[in-house]
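Any value given below was found using the heavy atoms of this structure, including those in side chains, with hydrogens, waters and symmetry copies removed. Bear in mind that the values here come from a model prediction, so they are computed numbers and not experimental data.
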Amino acid sequence: MALHATAFSFTGVSTSNQTYRNSLPSVFPAPRRCTVKAAAAPFPSQFPPILSRCKIQGRALPSDDGPLKKDESSLVVCFGEMLIDFVPTTSGLSLAEAPAFKKAPGGAPANVAVGISRLGGSSAFIGKVGEDEFGYMLADILKENNVNSDGMRFDPGARTALAFVTLRKDGEREFMFYRNPSADMLLQEDELDLELIRKAKVFHYGSISLITEPCKSAHIAAARAAKDAGVILSYDPNLRLPLWPSAESAREGILSIWDTADIIKISEEEISFLTQGEDPYDDNVVRKLYHPNLKLLLVTEGPEGCRYYSKDFSGRVKGIKVDAVDTTGAGDAFVAGILSQLASDVSLLQDESKLRDALSFANACGALTVMERGAIPALPTREVVLNTLVKSVA
């Protein structure tokens with residue numbers, strides 16, 4: 001895969017920890033066990049012939065003492081993709097017009113894992129990256145943020161995924177992905193750390209890991225193991241339409257695991273997409289997405305805050321309005337905020353007052369994240385969130 005550009009200015013998070021890289025030969029990339037050629041377009045239908053000819057199993061890389069151990073009784077395990085976002089340093093320009101890009105670690109499940117840890121919670125990430133410079137960088141970032149990476153795997157035959165993210169003048173995003181296939185798509189069921197999954201309080205995931213095999217089967221097996229162990233299942237569809245072969249396949253894929261989740265977070269855009277154009281502000285429309293086993297349905301509305309729906313109550317919690325620089329990771333920060341509260345106190349699912357407080361906290365997490373470029377670099381600490389809440393009511 002070739003990236004054509006005049007110049008890149010990499011001004012993102014730097015990593016000084018070389019634990020992962022030093023454990024491997026110094027020549028990169030590592031020798032491949034087979035050749036995987038990039039497809040012309042990132043559609044899942046092109047991948048099965050490649051995967052049927054070649055099975056590349058990733059491995060965990062050795063580390064030193066590992067992250068500082070936290071109380072794992074409130075552990076949140078996040079499953080899915082971790083990648084590199086390239087964000088234009090100047091807002092309101094197309095990718096072709098952007099003079100430079102800031103390199104920022106991202107990927108929705110990984111963002112949530114780091115967000116929870118920054119908020120003082122206990123989190124782990126399960127997924128696969130390439131056995132390449134970006135993969136090592138991402139592993140180091142998890143470690144530096146005290147996220148358990150025991151379930152992370154490195155693939156010698158595929159690259160770490162990249163996403164170029166354009167920022168419009170209003171701070172909203174458009175995406176261009178490079179994953180043909182990328183390492184996160186190649187996680188296999190027999191590479192799962194099932195012990196880590198079963199000891200979680202919450203298991204969180206998205207829908208991108210459902211697009212292609214073998215990751216789809218790994219996702220389903222991981223969720224089944226969590227459900228069987230009594231773990232709360234948290235689902236953020238995180239619609240990225242360009243990654244699916246069609247809108248219909250995206251809708252079917254997202255809804256295929258809908259009824260197994262205990263908690264679902266969706267945006268207004270995703271409501272319209274899943275209901276094929278119905279009004280996302282109509283409670284009756286939203287209630288169509290509420291399945292019998294669901295404990296909590298959350299609808300995020302950006303600066304306006306969020307709505308919540310349960311079997312016993314529903315309502316709205318106002319957001320905190322700020323000047324948006326980059327909305328990348330805002331929804332993930334919100335999810336990190338609510339899951340960090342839920343993992344330490346499951347009773348908020350039955351106590352509306354507690355839930356509203358937790359959602360105010362989550363709204364503040366999302367608001368703070370849009371004030372800086374990139375997802376993981378912008379995720380706030382618990383202290384900053386609490387200070388923001390105090391100022392908002394002063």
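- Side chain of Ser74 to backbone of Ser344: no donor-acceptor contact under 3.5 angstrom is found.
- Aromatic rings from Phe164 and Phe86 are positioned such that their centres are separated by under 6.0 Å.
- Ring pair Tyr205/Phe203 is tilted by interplanar angle, where 30° to 60° counts as tilted.
- For Tyr281, the side chain to side chain donor-acceptor pair (under 3.5 Å) test picks out Glu268, with sequence neighbours left out.
- By the 4.5 Å heavy-atom criterion applied to side chains, Asp326 and Val370 are not counted as neighbours.
- Interatomic distance, CZ of Arg118 versus CG of Asn111, reported as 10.0 Å (0.5 Å rounding).
- Under the 4.0 Å criterion applied to side-chain N and carboxylate O atoms, Lys128 and Glu81 are not assigned as salt-bridge partners.
- A distance of 8.0 Å separates NZ of Lys143 from OG of Ser149, quoted to the nearest 0.5 Å.
- In this structure, Arg198 has no salt bridge (charged side-chain N to carboxylate O under 4.0 Å, His left out) partners at least two apart in sequence or on a different chain.
- For Ser347, the side chain to side chain donor-acceptor pair (under 3.5 Å) test picks out Asp345, Lys354, with sequence neighbours left out.
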- Test Lys216 against Glu213 for salt bridge (charged side-chain N to carboxylate O under 4.0 Å, His left out), laying out the working first. CA-CA 5 Å; Lys216 178 179 179 180; Glu213 295 289 1; 5.3 Å; no
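- For the salt bridge (charged side-chain N to carboxylate O under 4.0 Å, His left out) test, no residue two or more places apart in sequence or in another chain qualifies with Glu269.
- The cationic atom of Arg251 (NZ for Lys, CZ for Arg) lies less than 6.0 Å from the six-membered ring centre of Phe273 and within 45° of the ring axis.
- Gln341 places no side-chain N or O within 3.5 Å of a backbone atom of Ile338 that could act as its donor or acceptor partner.
- To the nearest 0.5 Å, the span separating SG on Cys215 from CG on Leu210 amounts to 8.0 Å.
- Taking each heavy atom of Ala250 and Leu241 in turn, the nearest pair found is CB-CD1, 3.7 Å.
- Considering OG1 of Thr212 and NE2 of His219, their distance stands at 12.5 Å, rounded to 0.5 Å.
- The two residues Phe154 and Ala139 make their nearest non-hydrogen contact at CZ-CB, 3.6 Å.
- Side-chain atoms of Glu372 never come within 3.5 Å of backbone atoms of Val325 as a donor-acceptor pair (strictly under, hydrogens ignored).
- Under 4.0 Å is where a charged nitrogen must lie from a carboxylate oxygen, and between Glu304 and Lys318 no such pair does.
- Remark: side-chain polar atoms of Trp258 are paired, donor with acceptor, to backbone N or O of Leu289 under 3.5 angstrom.
- A donor and an acceptor atom, one from each side chain of Thr160 and Asp132, are located under 3.5 Å apart.
- A side-chain donor-acceptor contact under 3.5 Å links Ser267 to the backbone of Glu270.
- Each of Leu83, Leu243, Leu162 was checked for a side chain to side chain contact (heavy atoms under 4.5 Å, CB included) with Arg179, and the lone residue meeting it is Leu243.
- Contact check for Val384 versus Thr381: side-chain heavy atoms found under the 4.5 Å cut-off.
- Remark: side-chain polar atoms of His291 are paired, donor with acceptor, to backbone N or O of Ala261 under 3.5 angstrom.
- At least one side-chain heavy atom of Leu339 sits under 4.5 Å from a side-chain heavy atom of Leu342.
- Contact detail for Ala367 and Ile320: the closest heavy-atom pair is CB-O, 3.4 Å.
- At least one donor-acceptor pair closer than 3.5 Å links the side chain of Ser117 to the backbone N or O of Asn145.
- Within the 4.5 Å cutoff, side-chain heavy atoms of Leu142 are placed close to those of Met82.
- The number of heavy-atom neighbours closer than 6.0 Å to NZ of Lys199, taken from other residues, nucleotides and ligands shown, is above 12.
- Residues Leu296 and Tyr308 have side chains in contact (heavy-atom distance under 4.5 Å, counting atoms from C-beta outward).
- For the side chain to side chain contact (heavy atoms under 4.5 Å, CB included) criterion with Glu195, the lone passing option out of Asp193, Ile197, Leu192 is Asp193.
- The main-chain N or O of Pro88 is found under 3.5 Å from a side-chain atom of Arg373 such that the two form a donor-acceptor pair.
- Heavy atoms only, all atoms of each residue included: Ala378 and Thr369 are closest at CB-O, 3.3 Å.
- In terms of heavy-atom proximity, Ala113 sits nearest to Cys78 at N-SG, 3.7 Å.
- Between His204 and Val231, every side-chain heavy-atom pair lies at or beyond the 4.5 Å cut-off.
- Closest non-hydrogen pair, Ala375 versus Gly329, comes out as CB-CA, 3.9 Å.
- Side-chain contact between Tyr309 and Leu298 is absent, with no heavy-atom pair separated by less than 4.5 Å.
- Looking only at distances, a side-chain donor or acceptor of Tyr235 sits under 3.5 Å from a matching main-chain atom of Ile254.
- Legend: residues meeting salt bridge (charged side-chain N to carboxylate O under 4.0 Å, His left out) with Lys295, ordered by chain and number and at least two apart, are Asp262.
- Crowding of Asp228 atom CG: a count of heavy atoms from other residues, nucleotides or ligands under 6.0 Å exceeding 12.
- Rounding to the nearest 0.5 angstrom, the gap separating the CD atom in Glu189 from the CZ atom in Arg224 is 7.0 Å.
- Side chain to side chain, Asp184 and Ser182 meet the donor-acceptor criterion of an N or O pair below 3.5 Å.
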- Message: Between Asp312 and Ser310, is the side chain to side chain donor-acceptor pair (under 3.5 Å) condition met? List the steps.
- Response: CA-CA 5 Å; Asp312 301 318; Ser310 76; 5.2 Å; no
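- Taking the side chain as every heavy atom from C-beta outward, Ser123 and Val112 never approach each other to under 4.5 Å.
- Applying the salt bridge (charged side-chain N to carboxylate O under 4.0 Å, His left out) criterion to Asp283, with sequence neighbours excluded, gives Arg307.
- Not one N or O on the side chain of Tyr136 forms a donor-acceptor pair closer than 3.5 Å with the backbone of Gly130.
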